[in-house]
2 protein chains.
Amino acid sequence: MAGDNGRDGEGWATMGEVAARAGVSPMTVSRVLKEPGRVRPTTRTRVEAAIAELGYVPDAAAGALASRQSRLVAALVSTLAGSIFASTIAGLGAVLREAGHELLLGTTEYSSSSEEALLRAVLGRRPGGLVLSAGQHTPAARRLLERATRGLGVPVVEIWQLPERPVDMAVGFSNFAAGRAMTAFLADLGYRRIAFVGVLGPDDFRGLRRHAGYREALAERGLGEPRAFGSGGSGGSVEDGARGLAAVLERWPDCDAVFCGSDPLAFGAIAEAARRGLAVPGELAVAGFGDFDYAGEAGLALTTVRIPGERIGRETARLLLERKAGRLEGPVVVDLGFELVRRRTA
Amino acid sequence: MAGDNGRDGEGWATMGEVAARAGVSPMTVSRVLKEPGRVRPTTRTRVEAAIAELGYVPDAAAGALASRQSRLVAALVSTLAGSIFASTIAGLGAVLREAGHELLLGTTEYSSSSEEALLRAVLGRRPGGLVLSAGQHTPAARRLLERATRGLGVPVVEIWQLPERPVDMAVGFSNFAAGRAMTAFLADLGYRRIAFVGVLGPDDFRGLRRHAGYREALAERGLGEPRAFGSGGSGGSVEDGARGLAAVLERWPDCDAVFCGSDPLAFGAIAEAARRGLAVPGELAVAGFGDFDYAGEAGLALTTVRIPGERIGRETARLLLERKAGRLEGPVVVDLGFELVRRRTA
DNA sequence: TTGAAAGCGGTACCAT
DNA sequence: ATGGTACCGCTTTCAA
């Protein structure tokens, strides 16, 4: 097995070196890489041999500069924790990679000021597309985004929600509708004193929308005043759920159901109920949001809202690619919906 | 607040345009950005104004090409699912960003052939560092890596394990030692018929090592033949845990403890035990691995092995940065250890 | 303290 | 089917 190791020299081989070795011009090497069909087979074979022998790996920065195409897509998500966006990122990455794009990842940790800084850094890479999970942007960030998409034609996709005023495109579902649907569902099941436990910090836009949906459903059904407890900004953990239920029960001891803004919160609530000897769903029903792995029959058997996380990622990639190919005009908002999953906790 | 929107023209402003507007040469603009101290304050102010007015964002590809520094670090992890690597990636990203580097992310989904393809793609970006979670590399991938680190001086960090023969550096812990320690711990607690449920596919190197540790401990303590059940390649879900326990109990009905290769598996096992009316830990003890959020007292109260996931990320970033700064020589292997956490399931 | 010139490693475009 | 020649936008180096 000769070659393939590359030569021992310094640095990577350049296209010029490959060309010299194959006895052709750099342009021919470039063609072998991009449009092999346009090169005579015998020439192509020689060039491919030279590439293999030198272990040549083209420099993407140079290519990007010359072609004005970075083949990079940036994704800025609020967090990777809790596996909320993990499947979305996985789906996004898989589709993009097949199309020859790389994924530049940034996490804002639910702070919109760092979203802006990240955005600037990432924009310097001239990404061919931008994916954002954050619901709200600072004015400066918004300007940057508008500029990127209007002025430069960079496709932007906001995910996991349906913004009223999308920057460009959006793929997600209505958090408001989902919050309302689950609450109404609990009401249909006969629960009358339904509480809500969620993350109600100003930076978690989606949590706020779910909560709004909850209130809406309560009002529609005449179910009385909201009984909501919001954990702090970075909340959303199992422990927050346990604390949340405790707080709710202290204030409204007669609750017969709790709708939690996320499955981890629901888990905490269920554990806390068990600790208090409350039968679930007999004495207290619990519903979650997200349909995490452990919410299934084999685990919590949790009644929850299923979100098509990976599909959001794949659809986002598809949209990005379509628009870049010029096959898609104007604003696009794709509602992938959600699904109420009834299991055994409500 | 004039400007900041940038001009309406096509494309991004270039450094030359900023220079023209400020009445200086491009070099001065470049200096204002990289070494502000070397530019006279009055000049600097003019340049900064021009930058703001044009909404100038430097082109990183051009910078990378000219300076031969990409300011990009690539991380190739086997998966984002299950939040195993999520905190590591978050820690890595946070430290890198502060140092002005971006994160290029790729997921191999536990297939080493796609690791190789990804590696080639990513190497084209000439990353300043490489982070890998996969335990084993194909021969070609290994050659690529050796070349990158030896020939080109690209720091490579393998994480979440301590390879016997590291490509360059490593940050993690011994999966073997952790598997052995938990098994020995269960033995110390008095359990005698300890089973193991894990992912034993050939691509999950770390799972295999934990299993090996389990067998070692059994042998050391004279606890008889191993009672292990391995779910398929992509296993590791809560459902796999339930199935795993069922399979184990069918074959060895007298087990008094199960050590699961991950917390989700342990969750499934606990749920399955409940279904069968087995008291945990009274009739069956269960231990997990990972110390996920829901393993805590507020959730499962699971006896498990805690891994310093985020610290692995931060330490990895630190090493990368140190080595790039030339303050670190030779192979480095950092063992961040693990911690046995006893809670209420064993 | 500032600027001019020469690339970095590719690709677009136009010849041949 | 192949090659020549600019040039992408920035930094390095050296000079003023």
Side-chain angles (χ1 to χ4, degrees), chain A residues 9-48 50-51 54-72 100 121 123-128 152, chain B residues 9-48 50-51 54-72 100 121 123-128 152:
Chain A
E10 291 303 304
W12 295 96
T14 67
M15 190 174 268
E17 293 168 332
V18 173
R21 177 152 193 143
V24 298
S25 79
M27 259 326 293
T28 301
V29 176
S30 178
R31 287 199 187 96
V32 168
L33 262 16
K34 311 274 162 178
E35 323 166 274
R38 288 189 43 191
V39 177
R40 183 196 301 155
T42 63
T43 315
R44 187 164 71 211
T45 309
R46 278 209 329 277
V47 172
E48 280 163 348
I51 289 176
L54 295 177
Y56 173 63
V57 179
D59 185 314
L65 188 57
S67 69
R68 299 153 158 294
Q69 292 234 70
S70 68
R71 302 197 79 74
L72 225 39
L123 251 16
R125 242 85 213 193
R126 303 292 187 263
L152 297 321
Chain B
E10 291 304 304
W12 295 96
T14 66
M15 190 173 269
E17 292 169 330
V18 173
R21 177 152 193 141
V24 298
S25 79
M27 257 328 292
T28 301
V29 176
S30 177
R31 287 200 186 96
V32 167
L33 262 15
K34 311 275 162 176
E35 323 166 274
R38 288 189 42 190
V39 178
R40 184 194 301 155
T42 63
T43 315
R44 187 165 71 210
T45 309
R46 279 212 325 281
V47 172
E48 281 164 347
I51 288 177
L54 295 177
Y56 173 62
V57 179
D59 185 316
L65 189 57
S67 69
R68 298 154 155 292
Q69 293 233 69
S70 69
R71 301 195 82 72
L72 225 39
L123 250 16
R125 243 85 212 194
R126 304 291 188 262
L152 296 320

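Reminder, nothing fancy here: chain letters follow the sequence lines and each chain counts from 1. Only this structure's heavy atoms are used, side chains among them; waters, hydrogens and symmetry mates stay out.
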Atom pairs, protein N/O to nucleotides 8-12 of chain C N/O, distance under 3.5 Å:
from    : atom 1 : to     : atom 2 : distance (Å)
dC8(C)  : O3'    : R68(B) : NH2    : 3.0
dC8(C)  : O2     : A66(B) : N      : 3.4
dG9(C)  : OP1    : R68(B) : NH2    : 2.8
dG9(C)  : N2     : A62(A) : O      : 3.3
dG10(C) : OP1    : Y56(A) : OH     : 3.1
dG10(C) : OP1    : D59(A) : N      : 3.4
dG10(C) : OP2    : M15(A) : N      : 2.8
dG10(C) : O5'    : Y56(A) : OH     : 3.2
dT11(C) : OP1    : K34(A) : NZ     : 3.0
dT11(C) : OP2    : S30(A) : OG     : 2.5

* Asked: Does the side chain of W12(B) reach to within under 4.5 Å of the side chain of D59(B), using non-hydrogen atoms?
  -> no
* To the nearest 0.5 Å, what is the distance between CD (E17(A)) and CG (L54(A))? -> 7.0 Å
* Asked: So, is S25(B) close to the dA4(C) phosphate, meaning a side-chain N or O under 4.0 Å from OP1 or OP2?
  -> no
* Any donor-acceptor pair under 3.5 Å from S67(A) side chain to G63(A) backbone -> yes
* Are side-chain heavy atoms of V47(B) and V39(B) found at a separation under 4.5 Å? -> no
* Indicate the atoms forming the closest heavy-atom contact of S25(B) with A19(B), along with that distance. => C-CB, 3.6 Å
* **Axial bend angle, the helix from dT1(C)-dA16(D) to dT16(C)-dA1(D): five-pair end segments, nearest 10°** => 30°
* Asked: Hey, does the side chain of R44(A) reach the backbone of V32(A) with a donor-acceptor pair shorter than 3.5 angstrom?
  -> no
* How far does CE of M15(B) sit from CD1 of I51(B), to the nearest 0.5 angstrom? -> 7.5 Å
* Donor-acceptor contact below 3.5 Å, side chain R126(B) vs main chain L123(B) -> yes
* Structure fact -> The first and last nucleotides of DNA chain D lying within contact of chain A, meaning any atom under 4.0 Å from one of its heavy atoms, run from dA1(D) to dG9(D)
* To do: Run the numbers on R71(A) and R125(B) for side chain to side chain contact (heavy atoms under 4.5 Å, CB included), then give the verdict.
  => CA-CA 10 Å; R71(A) 302 197 79 74; R125(B) 243 85 212 194; 4.1 Å; yes
* Yes or no on side chain to side chain contact (heavy atoms under 4.5 Å, CB included) for R31(B) and M27(B), after CA distance, side-chain angles and deciding distance? -> CA-CA 6 Å; R31(B) 287 200 186 96; M27(B) 257 328 292; 3.8 Å; yes
